[in-house]
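Any value given below was found using the heavy atoms of this structure, including those in side chains, with hydrogens, waters and symmetry copies removed. Throughout, protein chains are lettered first and strands after them, A, B, ... in sequence-line order, and every chain is numbered starting at 1.
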Amino acid sequence: MADLPIVRFEEKIIETVEKNPVVVVIGETGSGKSTQLSQMLYKRGYAKSGMIAVTQPRRVAAVSVSRRVAQEQNVRLGEEVGYAIRFEDRTSEKTHIKYLTDGVLLRESLFNPELNQYSVIILDEAHERSLNTDILLGLMKRLIKRRQSNLKVLITSATLDGGKVSRFFSDCPVLTVPGELFPVEIVHISERPKNYVEASLKTAIDIHVREPEGDILIFLTGQDDIEKLVLKLEEKIQSLQEGSCLDALILPLHGSLPPEMQVRVFSPPPPNCRRFIVSTNIAETSLTVDGVVYVIDSGYVKQRQYNPSTGMYSLEVVQISKVQAKQRAGRAGRTRPGKCYRLYPSMVYHDDFLDATVPEIQRSSLAGTVLYLKSLDLADMDILKFDFLDSPSIESLEDALKQLYLVDAIDENGSITSLGRKMAELPLEPSLSRTLLEANELDCLSQALTVVSMLSAETTLLPAPSKSSEKKRKHTPSNLPDGSGLGDHIQLLQIYEQWYQTDYNIDWCKENNLQVRGMVFVRDVRKQLSQIMHKIAKGSLDVQTSKRRRDSQQEYRILRKALFIGYANQLAERSIRHNGYRPLGFKSELVQVHPSSVLKADEDGMLPNYVVYHELIVTSRPFMRNVCAVEMRWVAPILAKLEKLNVFKLSGGSSQPDKQIQEVTLNVEKKEIATIQSPEDRDSRIQAARERFLARKGQK
DNA sequence: GAGCACTGC
């Protein structure tokens, strides 16, 4: 067994686990908790009546850590020690120690809520507070009561706030294991810079000129700033006198870089050369860069946030938390003592920074989470009172219930429907699983499978255009299909069908500027979804080819109908005079179709009266991303449903919701009730608007 | 007419 700090605490750990159902283990990076805890427990016979599960928030971690453990145990990976991640299960009947992503464990728990195959469950990296880890923490608290005699739960975290987790698990013991990091000297700047790209440049050059060798890792917020700084660093370093300092290699690092660019940070630098790695927070946890001795921390991060009252996501630059600041600093001390330059005063750190990052569960739409929990049929389960380590707001839970009701996953009393149960089995967000099930009824399952799979990977399909490549792109117009004017979903379908006709040719993706990684992922998702749908599929699951296609307009129309049913919670109505839309069912706000959309306007420049959208995102303005034209006649039943909506009933009526909150969420619906009496009235109003519209068109 | 951090089933 490796000589890691945690090994010295083996007796104490085993003794504590023996006496307690839940134990929190705090261990800094390098303590060995991820690889050693499972082996210690295995050695002491804890895997005799079931496997030892270790969850990881990320796929690569599950794979790499299990590989290490298999090596240390001197067994073949996939036998006594294995891993399970989406699309890949490398375990067997022999497996005693199983590493898996927390998402996979959640899915397993859907089919076996008692998780009887495990005698020990270790939730690793709990401090990252991923949505899935938080759900698991809540489930473990319940499970421990039911399986007190034969289940041990360990929760491991890198940060010091074990107290909170301990209180959550009725004051369970907290063990602290030292890490194996080298000391990192922290330097704070005395005043916050106006421009942190400039400040990073200055600091980096100072280090380069004055400090001994060692790579520099710089944390910025996004691609734009990273590209700016890379350019400036190149300029500045060229102007430095040759031979006066080390050579320099400047590397950008962010998620939308192609993989071959990302792996450049893993190859060691040439001799006498200092590397400048300019990165997003991808280097905070997901990627570990060796050789870093200096860290420059801007103190900011770009974070996605969901607003349940408007249904909108926004991507905002926010201050990092103390936990994140420590994590960033720690990146300087992995190989030898390092230094971290913080581009903010220590007062700001102490007084302004939050102790911990706002957990994902408080920043996301919870429709999928709530549906998942409902489908577990937990005893005495009141969704508004589910015991989370940090509860999401009531407003956010009510928004989730409302959305689930609109897509028929729960009934008006908040009980899960049989449709909802089928939806929960699909690894998709509720709108997309609802679309698939409706498509199965309408006989367009094959097409829906394709669209839904494309959407599962959408952001990684088209390469993020950088400023430098923008001009090139404009001169080479895309040869990709245009969705026949009906919107982005139809375009995604057409793109995938074309790729299918090239027999999944990788070069075709490259020629068309589609990310290979993304397209291969789509293919995997489609395969997985097909396997799940196979049991209940009424028609063919295979990708259709144009040879077999008679009438694509009719086919697209049916598919759009299925999408409409799935996106009943994401429906928008165009204003009569212009192309602004109002999302229905949310606090009213005017939104635009995203300029990247292929949705076409008619001869008068008017967009469709109604569209469904995949996502509302606020950037410079609120936009609908991925929109699909729907027909007016489909809309009335959904409007009727919106009017009937009673959030109090949906939440089970067992808890008295805050009145004010309820009124905010019902704002729009109340207005609708005030202006029109029934769906039929609504229909006639739509018809009248349509006629005015046609009359105006006739005049021209 | 715009631009998007990172994960995961």
Side-chain angles (χ1 to χ4, degrees), chain A residues 55-62 84-89 100-111 125 128-136 219-227 253-257 262 279-287 298 300-305 313-318 320 324 357 359-360 363-364 368-369 371-372 423-430 432-433 452-453 456-467 469-470 473-474 521 524-525 528-529 531-532 579 592-599 601 605 615 617-625:
Chain A
T55 70
Q56 295 290 327
R58 277 172 299 280
R59 298 160 53 97
V60 274
I85 58 177
R86 189 177 188 181
F87 311 135
E88 204 184 349
D89 184 352
L100 69 175
T101 48
D102 39 26
V104 169
L105 187 61
L106 277 179
R107 210 124 282 275
E108 288 183 353
S109 129
L110 191 59
F111 302 102
E125 316 286 3
E128 289 188 24
R129 302 296 305 277
S130 77
L131 181 56
N132 287 340
T133 307
D134 269 20
I135 301 168
L136 280 173
F219 285 105
L220 299 182
T221 60
Q223 188 180 350
D224 251 24
D225 287 344
I226 289 171
E227 284 173 5
L253 183 60
H254 52 84
S256 42
L257 275 182
Q262 281 188 15
S279 174
T280 59
N281 51 336
I282 194 170
E284 217 173 87
T285 48
S286 306
L287 291 177
S298 65
Y300 290 103
V301 67
K302 217 175 258 184
Q303 216 171 259
R304 203 173 137 99
Q305 254 141 324
Y313 278 97
S314 56
L315 205 55
E316 281 163 43
V317 174
V318 298
I320 59 171
Q324 272 176 300
T357 315
E360 208 185 339
R363 293 188 279 118
S364 320
T369 302
L371 179 60
Y372 173 83
M423 287 167 61
E425 282 187 37
L426 290 157
L428 291 169
E429 50 188 278
L432 298 183
S433 44
V452 155
S453 307
S456 298
E458 207 271 329
T459 50
T460 52
L461 284 185
L462 302 161
S466 65
K467 288 261 152 76
S469 66
E470 194 174 357
R473 273 166 53 85
K474 276 188 181 158
F521 178 79
D524 284 337
V525 173
Q528 184 190 29
L529 295 175
Q531 280 163 359
I532 299 170
N579 278 336
Q592 308 290 327
V593 174
H594 196 275
S596 65
S597 174
V598 293
L599 183 72
E615 180 179 60
I617 180 133
V618 185
T619 50
S620 56
R621 281 190 286 171
F623 288 111
M624 296 181 283
R625 277 186 73 245

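Nucleotides of DNA chain B nearest to E615(A) and S597(A) differ in position, and the one nearer the 5' end is that of S597(A). For the pair L426(A) and L315(A), nearest-nucleotide mapping onto DNA chain B gives the more 5' position to L315(A).
Distance alone, capped at 3.5 Å, places no donor-acceptor pair between the Y372(A) side chain and the E425(A) backbone. Formation of a donor-acceptor pair under 3.5 Å by the R625(A) side chain with backbone atoms of V593(A) is not found in this model. Using a distance-only test at 3.5 Å, with no hydrogens or angles considered, no donor-acceptor pair links the side chain of D102(A) to the main chain of R58(A). In this structure a side-chain-to-backbone donor-acceptor pair under 3.5 Å is missing from T357(A) to P359(A).
Distances shorter than 4.0 Å separate some side-chain N or O of S620(A) from OP1 or OP2 on dG3(B). Proximity of T280(A) to the phosphate of dC6(B): a side-chain N or O atom is located under 4.0 Å from OP1 or OP2. Regarding contacts with the backbone of dC4(B), every side-chain N or O of R304(A) stays at 4.0 angstrom or more from both OP1 and OP2. Remark: T101(A) is in phosphate contact with dC9(B), judged by side-chain N or O atoms under 4.0 Å from OP1 or OP2.
Computed from coordinates, the L100(A) CG to dC9(B) P distance equals 10 Å when rounded to whole Å. Here dC9(B) presents its P atom at 8 Å from CD of Q528(A), a figure rounded to the nearest Å. Whole-Å rounding puts the D89(A) CG to dC9(B) C1' distance at 14 Å. Atom P of nucleotide dT7(B) and atom CD of Q303(A) are separated by 15 Å, given to the nearest angstrom. Counting to the nearest Å, the P atom of dT7(B) and the NZ atom of K302(A) are 15 Å from each other. What separates CG of D102(A) from P of dT7(B) is a distance of 14 Å, to the nearest Å. Following rounding to the nearest Å, M624(A) (CE) and dA2(B) (P) show an atom-to-atom distance of 15 Å. When the C1' atom of dC9(B) is taken as reference, atom CZ of F111(A) falls 10 Å away, rounded to whole Å.
Among the nucleotides dC6(B), dC4(B), dG8(B), the one closest to any side-chain atom of I282(A) is dC6(B). Closest to the side chain of R107(A), out of dC9(B), dC6(B), dG3(B), is dC9(B).
Nucleic acid contact class of V104(A) (heavy atoms, under 4.0 Å, all strands): sugar-phosphate only. When heavy atoms are screened at a 4.0 angstrom cut-off, S286(A) is found touching the sugar-phosphate backbone but no base atom. Here R86(A) lies in heavy-atom contact (under 4.0 Å) with a base.
Note on E316(A) versus R363(A): no salt bridge recorded, every NZ/NE/NH1/NH2 to OD/OE distance being 4.0 Å or above.
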